Amino acid sequence: MRWVLVMYAFGLLAGLAPAAAQRVEQPAAWAAVKAPLAGPPRIIGGTGLGCIAGAVPLAADGPGWQAVRVSRNRHWGHPALTRFVERLTAEAGAQGFPALWIGDMGQPRGGPLPYGHASHQSGLDVDIWLELSPKPPLPPAAREDIQVPSLVLPDESGIDPRVWRPRHAALIRLAAGQPGVDRVLVNHAIKRELCRTEAGAPWLQRVRPWRGHDSHMHVRLRCPAGQPDCREQAPPPPGDGCDASLAWWLTPEARRPAPRPPGPLPQMPAACVAVLEGR
């Protein structure tokens, strides 16, 4: 069986491999797979173009968290990611935070998603909602359509003072300081507020501005040890990120990004064919 999977990965099965090579580029093919590929965890590629074998699920409920929108089947990841969620929510609870809503992680075998994300493909990403009100235990079906207010003003010029609280900053700081975290993505208005109150803090280097992310933070882990096929992003630039580059997000260029130039899309790693097609 292992030899068959290797042959898939390198396109050596005449007749079947070309079809598999086409399916591996299609988000719907990855979303249709309901279970992980058995075996030890193996990340192939990067968070924006990759997959994972041996993914493990996050429980829908745990001490300190409730997973939301579980019908999407996107609460899978590398064991390092589920451990991160367990550790973060435990420490948050010890600091008096309520249970946290855990949003999308990844699909059972990673890969591109049909909607919602360009990343979350390699089992190292998780969305955590910045909603700090007490949450009574709810059945998963009642968490399918959660409504979380934006923490940012409509023009994104700053945080909304009616909603933002110092505890939001404390939770982001707690996440950014966890072992193995590569970066935490938040709206640029949230980053500016953190720069106003926390400038110079070492953990701010890992908090990076990005579009959206006005009511949740997106945590991305570094490649775990023993994952030679895992590809990381370039590390964040030195410093706290509170320099002039932050002002770019308010420019017309940032507010109206240019469309993607025509041309072929980047290809998935060849070894992901075996992950998608494996039994």
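What you are looking at is a predicted structure, and each value in this text was computed from that prediction instead of being measured. Numbers here are sequence positions counted from 1. What you see below is based on every heavy atom in this structure, not just the backbone, and it leaves out hydrogens, waters and symmetry mates.
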Next item on the list: Can you spot which of Leu58, Asp104, Asp127 makes a side chain to side chain contact (heavy atoms under 4.5 Å, CB included) with Arg74?
Entry: Asp104

Check: Do Pro27 and Leu113 come close enough that some side-chain heavy atom pair is under 4.5 Å?
Finding: no

Notebook entry, point to check: Taking C-beta and beyond as the side chain, do Arg109 and Leu276 meet within less than 4.5 Å on heavy atoms?
Noted result: no

Note to self: I need the minimum non-hydrogen distance between Pro114 and Gln107, along with the two atoms involved.
What the structure shows: CD-OE1, 3.6 Å

Notebook entry, point to check: Looking only at heavy atoms, what is the nearest atom pair of Ala92 and Leu100, with distance?
Noted result: CB-CD1, 4.3 Å

Margin query: With clusters defined by side-chain heavy atoms of hydrophobic residues (ILVMFWY) lying less than 4.5 Å apart, directly or transitively, does Ile128 cluster with Ile172?
Written below: yes

Margin query: Would a single hydrophobic cluster contain both Leu49 and Val273, if residues Ile, Leu, Val, Met, Phe, Trp and Tyr are joined by side-chain heavy-atom contacts under 4.5 Å?
Written below: yes

Notebook entry, point to check: Is there a side-chain contact between Asp214 and Leu151 (heavy atoms, below 4.5 Å)?
Noted result: no

Note to self: Determine whether a donor-acceptor pair (N or O, by modelled atom type, separation under 3.5 Å) exists between the side chain of His75 and the backbone of Ile102.
What the structure shows: yes

Notebook entry, point to check: Are Val184 and Leu204 connected in the hydrophobic side-chain network, where two residues link if heavy atoms are under 4.5 Å apart?
Noted result: yes

Note to self: Measuring only between side-chain heavy atoms, which start at C-beta, is Pro36 closer than 4.5 Å to Ile52?
What the structure shows: no

Note to self: Could you tell me if the side chain of His78 sits less than 4.5 Å from the side chain of Gln227, heavy atoms only?
What the structure shows: yes

Notebook entry, point to check: Using 30° and 60° as the class limits, which term best fits the ring planes of His120 and His218: parallel, tilted or perpendicular?
Noted result: tilted

Next item on the list: Establish whether Val219 and Ile43 are linked, either directly or via other cluster members, by ILVMFWY side-chain heavy-atom contacts under 4.5 Å.
Entry: yes

Notebook entry, point to check: Heavy-atom count around Trp210 CH2 within 6.0 Å, excluding the residue itself: above 12?
Noted result: no

Checklist line | Check: Cys51 and Val24 side chains under 4.5 Å, non-hydrogen atoms | finding: no

Notebook entry, point to check: Does the distance from a Lys or Arg side-chain N to an Asp or Glu carboxylate O, for Arg83 and Glu86, drop under 4.0 Å?
Noted result: no

Note to self: Same cluster or not: Val207 versus Leu246, using hydrophobic residues (I, L, V, M, F, W, Y) connected whenever any side-chain heavy atoms lie under 4.5 Å apart?
What the structure shows: no

Next item on the list: State, to 0.1 Å, how close Arg206 and Val181 come at their nearest heavy-atom pair, and which atoms those are.
Entry: CD-O, 3.5 Å

Next item on the list: Check Pro140 against Ala60 and note the closest heavy-atom contact, atom names and distance.
Entry: CG-CB, 4.4 Å

Next item on the list: Report yes if the side chains of Cys242 and Glu198 come closer than 4.5 Å at any heavy-atom pair, otherwise no.
Entry: no

Check: Which pair of heavy atoms, one from Val68 and one from Gly103, lies closest together, and at what distance?
Finding: CG2-CA, 3.8 Å

Notebook entry, point to check: Is there a donor-acceptor pair under 3.5 Å between the side chain of Arg143 and the backbone N or O of Val70?
Noted result: no

Checklist line | Side-chain heavy atoms of Trp30 within contact of Arg23, under 4.5 Å | finding: no

Note to self: Tell me the closest heavy-atom pair linking Ile159 and Ala189, and the distance in Å.
What the structure shows: CG2-O, 3.8 Å

